[in-house]
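These notes are about the structure you will find just below.
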Amino acid sequence: MGSTPSTQTASSLGQRLGAILGAEHVRPAMAEDAISGRPASWVVEPGSEQEVAGLLRFADESQLAVIPRGGGTKMGWGNAVERADIVLSLRRLNRVIEHAWADLTVTVEAGCSFAELQRTLARHGQRLALDPLWPEQATLGGILSSNDTGALRLYYGGLRDLVIGITLALADGTLAKSGGKVVKNVAGYDLPKLVTGAHGTLGIVTRAVFRVHPHPANTRTLTLHGGDPAQVQTVLLALLNSNLTPASVQVRVDEQMAPVLDIGLEGTEAGLSSQELRIRNIAQPLSVNVEPASHWGARQELWADPAPAAIAKVSVISSSIAGTLARISRLAAAQNAGWRAVFQATGLGWVRIEADGDRSSALLGDLRSQVRAEGGALVILQQPAHPKQLDAWGEAGDALALMHAVKQQFDPNRTLNPGRYVGGI
Amino acid sequence: MASSVSHSSNSNPNAPIPSSGEVSLPILNELRQIVGGHGLLTSPVDLHTYECDGLTNFRVMPRAVLLPDSAEQVQAIVRVCHRERIPFVARGSGTGLSGGALPVSNGIVLSLARMNRILEVDLPNGRVVVEPGVINLDVTGRVSPSDYFYAPDPSSQSVCTVGGNVAENAGGLHCLKYGFTTTHVLGLEVVLPDGSLVHIGSKALDMPGYDLAGVFVGSEGTLGIATKITLRVIKRAECIHVLMAAFDTTNHAGAAVSDIIAAGLYPAAMEMMDALSIEATEAAVHANYPKCGGLLLVELDGPTAEVEVNLERVEAICRQNGAWEIRLAKTAAERALIWKGRKAAFAAMGRISPNYIVQDGVIPRTSLPEVMDEINRMSAEAGLRVANVFHAGDGNLHPLVLYDARIPGQEEAAEGLSIKILQLCIDKGGSITGEHGVGEEKKQMMSKMFSEPDLETMQRVRCAFDPLHLSNPSKVFPRPRLCGEKPGRYTPHPLEAAGIAERY
């Protein structure tokens, strides 16, 4: 369907796209533009929100599928798209529009990289309190659409808590804003939250407004060694049940099942030292070291090895972390698979399974049903090429029909990322 | 909470809803079967209680009030409404300040007051599951023996319900640091306007699919009825201190707020009051506030060592900006007295004015000096006093326009001034409502804040949830959008198999 077009029509489509955006911003897709193995036909780079909207309208009327792309770091996430006619790159919409530092807000175009935004915010000693994957390449639009949050979510909340406004280009060419530039605002529906994690299936976010935070004066990472999973779980819950205020907490564990617990502290030197003292008491019998902040890169390191492997995101409640690790360990042993995982104190975990497609599918399928049985979820972000690949999302529960109805209202022709999202959306 | 308020001249809440059904006697009997005789109110005396919410000047008599005590009953009622095309309005304690719970004349009201059970307390995970009729403060009451609390704290928290908070995305004094209701609602069981029951969100984060809980919270009852709500509760800070600083003007106090932000400090709350609000509050609750032009209240919380250091920095910043009196509240009792004055501020206006209008505009905090100057100018021009209570940290203004309804023309002048103030907030890049909601009162202002495409896009959500416009119809949006025929699901063109070439 979205296969290679014939030369004649390809060039005629190219001309029409060029007429909308300027020929220099349209090019035929190459092999590396493929989405989950499905080749695209054209790559376009609009230069304004109006051009994004205009391009979408053209594609929608022409029944061409559009695949939005920011830094291109997470193009394999979700299910394979059904069609991929046009890759719409937000690369040229990359400005930080307004850093209202005294109001603790920033307005940024969707194609701006996370690292670039942080450099701008740092000029006034502020930051977006978020630790997403691949910050140098990943863009704010992509991070928002994939709802990619790291360990800082424990203290600062997730994207849904940080985004306060968006401009959205709809498939029919409508350009609409929702929310605003002020942190407190209940006028109208909260569409910024609706598009967070929607993988671009409701519209293309062209700009977003975030609340920002002061950069912490000091930080310290404490790493706790020497506990078994049950002890680590106990310490983790004791931490959450205390009035200590760690910014981030994560458990790192591999198939040897010797978990370590990282605790990230932020604040004044006096505050850090007093918190460290109290953590040393709570942590017993585990040993406590001050260690490098680079441990917080552990989540991203799950992707570092290019060998075929499956990577999944697991959602459970905080008290189920050790239990979930035990399940993974048992299932991996049964499949003779290697594995590593990073779980954050919020109950979100990322697990890497090293096994061929058959065994990793079997393992993840079993893990998914076990996690679901206790109210959690498992979303597959990467899996080895394999004829029996699992659905990336799993079941979406009894609200799936409502999700389809929302999709139907926003993108009735299924122009945006068709088939990539939950339940075939 | 608020007493008398404005009535809008540009909307008619009594306007009939197109294509809505009649609540006939057989239907009333059917509804009585669902809730039992004690769960159905139809006599005018009983219905009067429900004819308005905290915005008392809009009044509409509903056809009937139902008091279900389970999700199954809510579902059964809504199924009947859907079948018969009867509009319905859900209601908690009726403390809302924008007319969100105003009934529809030919519809029914569903009071969730009997669904007031706390169903589950899971402290290790910081989760509490409640029914919608649970009182906000009762959540904190339930978990406070373990030093947890439920963060959203609207001034009405001792009477308002969690279900109402969900509908309005209620805020409070501590939003600056702890966020709003939406920050603390993780999962919902919802009866949709067609009577089906869905579960959105969860005790765990990031369930697959759209964040429908995110869009449901704050939708003002227009997307369905929440029957079960999963909340996040958080641990109380080790140390909580409040600093009160007296300045000559609100602009001086505002400059101190800017410097606090610039210094990288992040207080749990920052509140400001002007001379008129202080005068009213003193008359009402004797909080012993200093008489000054601008009073700033700053709450710092966190680890003790952290708070002690930061408190000194805040104090120094206030002095640099001209604070001539500074008091510290370090005990719970001292803090309670300080916050008591602030929380009573709206009701206290009754001490200095027979009538007043509460507004709820938001501005980027940095535009405070110009906005205050402009409000003062407009106030003088209209010949009406305006008292200002202000969530200084997040820019949420509560200007209170004081008037005397007995003087001909004053009420209209007060309404006019109130709308001008909201327009000023919009012009500064702010919002018409920070926490009270749009409801019936401000729906015409939505067109000033948002363009047609913006509003039309929001209504797509409405059409997905409630294509027949049965759930709290005619609120929030200036005019309903007909959802019409749903466009057909896309099916590939037969020629598509042959490749993209044939497609255009």
Out of [options], which one racks up the most heavy-atom pairs below 4.5 Å with chain A?
options                                : value
B:Val309, B:Asn310, B:Leu212, B:Ile432 : B:Leu212
B:Val461, B:Leu205, B:Ile234, B:Asp360 : B:Leu205
B:Ile200, B:Asp147, B:Leu223, B:Leu455 : B:Leu223
B:Val257, B:Ile363, B:Thr457           : B:Thr457
B:Thr366, B:Val215, B:Val438, B:Val362 : B:Thr366

Contact origin within [X] toward chain B - heavy atom pairs under 4.5 Å:
X        : result
A:Asn241 : both
A:Thr174 : side chain
A:Ser274 : side chain
A:Val422 : side chain
A:Leu194 : both
A:Ser242 : backbone
A:Val316 : backbone
A:Leu175 : backbone
A:Glu269 : neither
A:Tyr421 : side chain
A:Ala100 : neither

Contact origin within [X] toward chain A - heavy atom pairs under 4.5 Å:
X        : answer
B:Tyr210 : both
B:Phe477 : side chain
B:Thr304 : neither
B:Arg365 : both
B:His436 : backbone
B:Ser202 : side chain
B:Met446 : side chain
B:Ala262 : both

Picking from [options], which has the most non-hydrogen pairs under 4.5 angstrom with chain B?
options                                : answer
A:Val406, A:Asp161, A:Leu348, A:Thr196 : A:Leu348
A:Thr167, A:Leu237, A:Leu170, A:Thr245 : A:Leu170
A:Thr105, A:Asn147, A:Val379           : A:Asn147
A:Leu104, A:Leu244, A:Leu400, A:Leu240 : A:Leu104
A:Leu378, A:Thr201, A:Val195, A:Thr415 : A:Thr201
A:Pro418, A:Ala377, A:Gly125, A:Pro192 : A:Ala377

Problem set entry | Greater than 12 external heavy atoms within 6.0 Å of A:Tyr155's OH | no
Problem set entry | Contacts of B:Asp122 that satisfy side-chain contact (heavy atoms from CB on, under 4.5 Å) - sequence neighbours left out | A:Ile317, B:Glu120, B:Pro124, B:Asn125, B:Arg127, B:Lys203
For this session: Check whether the side chains of B:Ser196 and B:Asp194 place a donor and an acceptor atom closer than 3.5 Å, and report yes or no.
Result: yes
For this session: Could you tell me the separation between the NE2 atom of A:His213 and the CD1 atom of B:Ile261, rounded to the nearest 0.5 Å?
Result: 10.0 Å
Using a 3.5 Å distance criterion without hydrogens, assess whether the side chain of [X] forms a donor-acceptor pair with backbone atoms of [Y].
X        : Y        : value
A:Asp398 : B:His199 : yes
B:Arg232 : B:Thr183 : yes
A:Asp172 : A:Asp60  : no
B:Thr181 : B:Ala170 : yes
A:Arg211 : A:Asp103 : no

Exercise. Can you find a pair of side-chain heavy atoms, one from B:Asn165 and one from B:Val185, that are under 4.5 Å apart?
Worked result: no
Problem set entry | Minimum side-chain heavy-atom gap A:Tyr156-A:Arg127 below 4.5 Å | yes
Exercise. Is it true that A:His215 and A:His124 have ring centroids separated by less than 6.0 Å?
Worked result: no
Test: [X] and [Y] ion pair at under 4.0 Å:
X        : Y        : answer
B:Asp206 : A:Lys313 : yes
B:Arg460 : A:Asp411 : no
B:Glu220 : B:Lys443 : no
B:Asp211 : A:Lys193 : no

Exercise. Which word best sums up how the rings of A:Trp393 and A:His199 line up, parallel for under 30°, tilted for 30 to 60°, or perpendicular for over 60°?
Worked result: perpendicular
